[in-house]
Number of protein chains: 2
Amino acid sequence: MRDVAALAGVSLKTVSRVVNDEPGVSDDVRTRVQTAVARLDYRPNLAASNLRRLGARTGLIGALVQDLSNSFSAALLRALEDAARTRRTGILTASLDEEIHREQALVHDLVTRRVDALVLMPSSRSQEYLAAELRTGTPAVFVDRPPRGVEADSVVVDNAYGARLAAEHLLDQGHRRIAGIFHLPQIHTAAERMRGFTSALTDAGLEPDPHLMVTGVATVEATAAAVRELLDLADPPTAIFAARNNLAVGAVRAIAERGLSREVALVGFDDFPMSDLVDPPLTVIRQDVPRIGRTVADLVFQRIEGDRSPVQHVVLNPSLLVRGSGEIPPRR
Amino acid sequence: MRDVAALAGVSLKTVSRVVNDEPGVSDDVRTRVQTAVARLDYRPNLAASNLRRLGARTGLIGALVQDLSNSFSAALLRALEDAARTRRTGILTASLDEEIHREQALVHDLVTRRVDALVLMPSSRSQEYLAAELRTGTPAVFVDRPPRGVEADSVVVDNAYGARLAAEHLLDQGHRRIAGIFHLPQIHTAAERMRGFTSALTDAGLEPDPHLMVTGVATVEATAAAVRELLDLADPPTAIFAARNNLAVGAVRAIAERGLSREVALVGFDDFPMSDLVDPPLTVIRQDVPRIGRTVADLVFQRIEGDRSPVQHVVLNPSLLVRGSGEIPPRR
DNA sequence: GTGAAAGCGCTAACAT
DNA sequence: ATGTTAGCGCTTTCAC
């Protein structure tokens with residue numbers, strides 16, 4: 001910048017004015033500075049300018065999701081990005097892969113970078129550590145999973161309700177032996193879906209069969225293996241609820257392998273790109289991901305703009321999307 | 001930081017030493033400083049520290065992809081993220097949606113933020129504007145599409161070769177009326193795939209039928225509409241090549257609607273999560289996305305670490321993944 | 001082992 | 001319309 005000022009024969013402040021499109025510079029000087037900028041390939045240093053600017057924002061949101069390559073996380077980030085773009089704000093993102101130590105380290109890094117806000121899909125059991133960050137003035141909005149041990153805004157869906165929808169739908173088709181496949185029980189969404197599923201069965205007068213409840217399944221492969229075992233039982237389930245998008249993928253695969261695509265009913269949780277093209281088309285509990293993303297963005301920017309009102313917990317209802325796989329009647 | 005120093009009764013420099021884990025501080029002083037840090041919720045300002053640090057890196061890579069929510073972009077970013085994590089580097093990402101003006105504005109923004117490197121999946125026709133950024137010392141690596149009008153590293157697949165693989169595979173099954181559906185022809189990957197496809201047909205002695213070549217298709221819906229038209233022709237194609245992942249989705253959908261899933265052969269370009277579960281499983285030209293991501297990361301960090309060797313253009317070969325939809329024989 | 005002074009690139013506040 | 005001075009939060013350099 002000093003070089004630009006020297007080459008244009010003006011002061012630093014004048015260069016600053018030109019670069020920031022501030023008024024009070026004659027056209028003559030302005031073009032002279034711009035020429036110098038171009039000749040020297042000068043690029044302003046945003047970090048340095050923010051340092052002095054009072055109440056400056058970095059124009060950066062830190063977003064921690066579980067897995068950037070999962071269609072749910074990717075769609076969520078995309079919705080967030082679109083909302084942030086209109087506010088000239090960028091997204092700094094990272095994947096946690098359910099590793100709890102990664103979360104706190106990354107939050108610390110993001111605070112150190114002075115992001116304007118944090119968006120968190122937490123992997124840890126408790127986010128008590130966040131209290132200190134919130135006190136420093138960095139707002140945080142939780143998504144998909146509510147905060148624990150700390151007060152912060154959140155946007156989640158009613159997972160228990162969604163799982164109940166799935167279970168009741170299968171019960172309505174006459175199923176009585178319904179298996180449920182769930183992610184790690186320490187993950188809030190998984191626990192809630194398990195709760196909703198189980199209570200729907202008991203409400204229908206069924207005694208849940210522990211052989212039909214599979215938990216702690218995280219991958220497509222593990223789900224496929226679990227479903228194979230279920231189908232090999234002496235008294236196999238006539239319907240399956242797969243409580244997460246990638247678990248549904250594993251279930252579809254294992255059922256198809258056995259040639260039972262038209263015999264065993266299946267309902268998934270979370271929609272994904274090709275779910276209407278599998279055979280039969282997959283019935284799912286759908287979350288309105290773009291809406292979740294927009295809601296998160298709204299909360300984030302409210303807070304960034306200084307809103308200090310009480311913490312908000314937004315709960316959205318998922319819905320049942322009937323497509324075929326969930327409407328297969330029980331065998332015999 | 002000044003407050004921390006005051007509370008601990010030490011100088012700024014000592015706080016700096018403790019915060020950065022530098023040696024030369026007695027245990028006593030160290031703990032006193034740490035206590036003060038905790039009491040005051042002090043968080044160092046990375047931007048400020050980088051300002052004075054000579055040869056400092058921001059530990060940030062700017063990655064511009066076409067669409068964060070497309071499985072190809074998401075998987076690519078994920079691979080990049082994993083490689084970057086081991087180098088304590090974060091990813092600042094944005095979607096371009098093929099909008100050419102967005103690209104240059106975002107590149108400028110990222111340079112202003114002093115990212116250590118740029119990863120670009122360009123939407124513009126020419127990246128001449130990048131020359132100035134490269135001169136300022138910000139390395140750039142192109143991915144999926146090669147640079148034009150500027151010298152920079154790149155990692156792409158041989159799209160013409162991949163399309164030729166698809167066409168030859170369909171020709172081998174005896175197909176003679178093969179339709180091709182392509183994205184906007186100004187996009188390099190689309191043009192190359194069209195070229196490879198067309199030349200494979202002419203090499204086989206076929207005269208390409210303009211009615212069977214559909215270009216400028218960008219969305220699932222548009223593809224479905226185009227395929228419906230193709231199937232309505234007096235002399236419809238017996239096989240279709242869909243030159244991009246979302247185009248394959250549209251093609252599967254339209255073919256399924258007509259009940260022709262087992263009548264019309266289909267080969268896609270780019271694999272995606274559920275492609276083996278559609279009916280019939282989708283035969284595709286696959287790109288090894290994690291490998292592309294790792295290769296990009298290798299180049300990026302070589303450049304960040306000061307490698308000034310000549311520009312490298314890495315070309316990877318895609319491969320044919322036979323799964324069923326591409327092996328349907330022509331109708332009589 | 002610790003600290004004082006200078007300065008990174010820039011802008012706020014105040015001249016002129 | 002333009003320039004000067006101080007200082008943002010931190011690290012460097014060099015002194016003690």
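Hydrogens, waters and symmetry mates are skipped; everything else that's a heavy atom, side chains included, is used. Since we're looking at a predicted model, the values are computed, not measured. To find a chain, count down the sequence lines: A is the first, B the second, and so on, and within it residues start at 1.
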Could you tell me if [Y] and [X] have a donor-acceptor pair between their side chains, going purely by distance under 3.5 Å?
| X | Y | value |
| --- | --- | --- |
| B:Gln104 | B:Ser124 | no |
| B:Gln66 | B:Asp97 | no |
| B:Ser26 | B:Asp28 | no |

To the side chain of [X], which of [options] is closest?
| X | options | value |
| --- | --- | --- |
| A:Lys13 | D:dG7, D:dG3, C:dG7 | D:dG3 |
| A:Leu51 | C:dT11, D:dC8, C:dC8 | D:dC8 |
| B:Ala48 | D:dG7, D:dC10, C:dA13 | D:dC10 |
| A:Asn20 | C:dT11, D:dG3, D:dG9 | C:dT11 |

Item to check | Under-3.5 Å donor-acceptor pair between A:Arg17 side chain and D:dG3 base | outcome: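 By the distance-only test, yes, there is a pair.
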Any side-chain N or O of [X] less than 4.0 Å from the OP1 or OP2 oxygen of [N]?
| X | N | result |
| --- | --- | --- |
| A:Asn45 | C:dC8 | no |
| A:Ser11 | D:dT2 | no |
| B:Ser26 | C:dT2 | yes |
| B:Ser49 | D:dC10 | no |
| A:Thr14 | D:dT2 | no |
| B:Arg53 | D:dT11 | yes |

[X] [atom1] to [N] [atom2]: how many Å, rounded?
| X | N | atom1 | atom2 | answer |
| --- | --- | --- | --- | --- |
| B:Tyr42 | D:dC10 | OH | C1' | 7 Å |
| B:Asp3 | D:dC10 | CG | C1' | 14 Å |
| B:Leu12 | C:dA5 | CG | C1' | 11 Å |

Checklist entry - Counting heavy atoms not belonging to B:Glu99, are there more than 12 under 6.0 Å from its CD? => result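 Yes, CD of B:Glu99 has more than 12 neighbouring heavy atoms, counting only those of other groups under 6.0 Å.
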